[in-house]
Amino acid sequence: MPRIIVYTLLILGLLLLLPPVIAANARSRPNPNRPINIIQDMDLQAKFLPQSENDLFADKRSQRPAVLGSVARGEAYLDAHLNDGVVDGQWATTLPSQFTLDAKLLLRGQERFNIYCTPCHGYTGAGNGTVNQRAMELVANAEGPVNGTVWVAAKSLHDPTVTIQPVGQIFNSITHGVRNMAGYGSQVPTEDRWAIVAYVRALQISQNASMDDVPADKRGGL
Ligand code: HEC
């Protein structure tokens with residue numbers, strides 16, 4: 001075979017390697033440009049991305065806020081006892097009808113309480129959780145605010161101002177927070193918040209129980 005053909009084939013062979021190398025290189029690093037999309041289907045179409053501008057509105061927001069006074073639809077949202085802990089404009093004094101006060105509910109409440117509440121309120125609800133202890137220590141040893149803030153001690157759930165509260169009010173504190181405590185409505189679903197309320201009540205009873213609360217056959221063991 002003449003040399004010229006051998007060399008031509010060799011060079012062509014090497015050149016053939018270039019496209020896959022370029023493609024592999026392009027795929028291996030992020031690129032802010034639009035991808036080369038040969039079969040488009042409906043991949044690319046005019047739309048407003050979240051947080052993008054829309055000149056149609058005076059405030060230029062493409063994401064429109066809900067109209068003032070909007071109320072979520074559906075019966076579940078209308079149930080004030082379940083969602084707000086309110087019955088006839090007063091704090092509910094009972095669990096919503098969807099719940100049965102049993103060991104299952106209390107165990108669920110205990111589990112959720114131990115996850116979400118113990119860091120500050122402690123396992124018994126006395127207000128001495130580890131986060132609280134650490135913060136109190138920092139504050140005690142500091143002159144003035146720590147990290148630009150002061151610490152408000154987590155309240156004891158056995159404080160008389162809490163034990164007299166109806167369950168609906170405690171539910172509300174968990175949902176929306178209270179004074180310096182943040183709300184857990186966005187993290188803990190409604191059902192679990194009620195389970196926590198039931199467990200808080202159990203904790204309260206456990207600290208202030210009288211002999212009459214103990215079943216007669218168990219009294220001897222105390
Ligand atoms: C990050 C710490 C922290 C966590 C976690 C926390 N709390 Fe609190 N909680 C506080 C503080 C602080 C207060 C007192 C707020 C104040 O008096 O300004 C408080 C107050 C309360 C009160 C008393 C409200 C009143 O009317 O005085 C209740 C009830 C309560 N918390 C329940 C809970 C429950 C239930 C959870 C778990 C879902 C929880 N908290 C999680 C810090 C916390």
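Whatever order the structure lists them in is the order used to number ligands and atoms, beginning at 1.
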Please confirm whether [X] comes within less than 3.5 Å of ligand 1 when only nitrogen or oxygen atoms on both sides are compared.
| X | result |
| --- | --- |
| Arg179 | yes |
| Gln165 | yes |
| Asn180 | yes |

Determine the interplanar angle of the Phe99 and Trp194 rings, folded into 0 to 90°, and report it as parallel if under 30°, tilted if 30 to 60°, perpendicular if over 60°.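 It falls in the tilted class, 30° to 60°.
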Does [X] use its side chain to pair, donor to acceptor, with the backbone of [Y] at less than 3.5 Å?
| X | Y | result |
| --- | --- | --- |
| Thr8 | Ile4 | yes |
| Arg108 | Asp192 | no |
| Gln90 | Val86 | no |

Can you report which non-hydrogen protein atom sits closest to [atom], along with the distance?
| atom | value |
| --- | --- |
| atom 5 (C) of ligand 1 | Tyr184 OH, 2.9 Å |
| atom 23 (C) of ligand 1 | Val162 CG2, 3.9 Å |
| atom 12 (C) of ligand 1 | Val152 O, 3.3 Å |

How long is the span from the CG atom in Leu106 to the CD1 atom in Ile196, to the nearest 0.5 Å?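 CD1 of Ile196 is found 12.0 Å from CG of Leu106.
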Count I, L, V, M, F, W, Y as connected when their side-chain heavy atoms are under 4.5 Å apart, and connections chain through other members. Are Ile205 and Tyr199 then in the same cluster?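 They do not share one cluster, since no chain of ILVMFWY contacts under 4.5 Å joins Ile205 to Tyr199.
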Could Arg61 and Asp59 be called an ion pair, given the rule that one side-chain N must be under 4.0 Å from one carboxylate O?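 Between Asp59 and Arg61 there is a salt bridge, with a charged N closer than 4.0 Å to a carboxylate O.
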Could you please tell me which protein N, O or S atoms lie under 2.8 Å from atom 8 (Fe) of ligand 1?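 N, O, S partners closer than 2.8 Å: His121 NE2, Met181 SD.
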With a 3.5 Å cut-off and no angle check, do the side chains of Asn54 and Gln63 form a donor-acceptor pair?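 Their side chains do not contain a donor-acceptor pair, so the 3.5 Å distance test is not met.
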Tell me the contacting part of Ala182 for ligand 1: side chain, backbone, both, or neither, using a 4.0 Å heavy-atom threshold, strictly below.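 The answer is neither.
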If you measure from each non-hydrogen atom of Ile196 to ligand 1, which part falls under 4.0 Å: side chain, backbone, both or neither?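 Side chain only.
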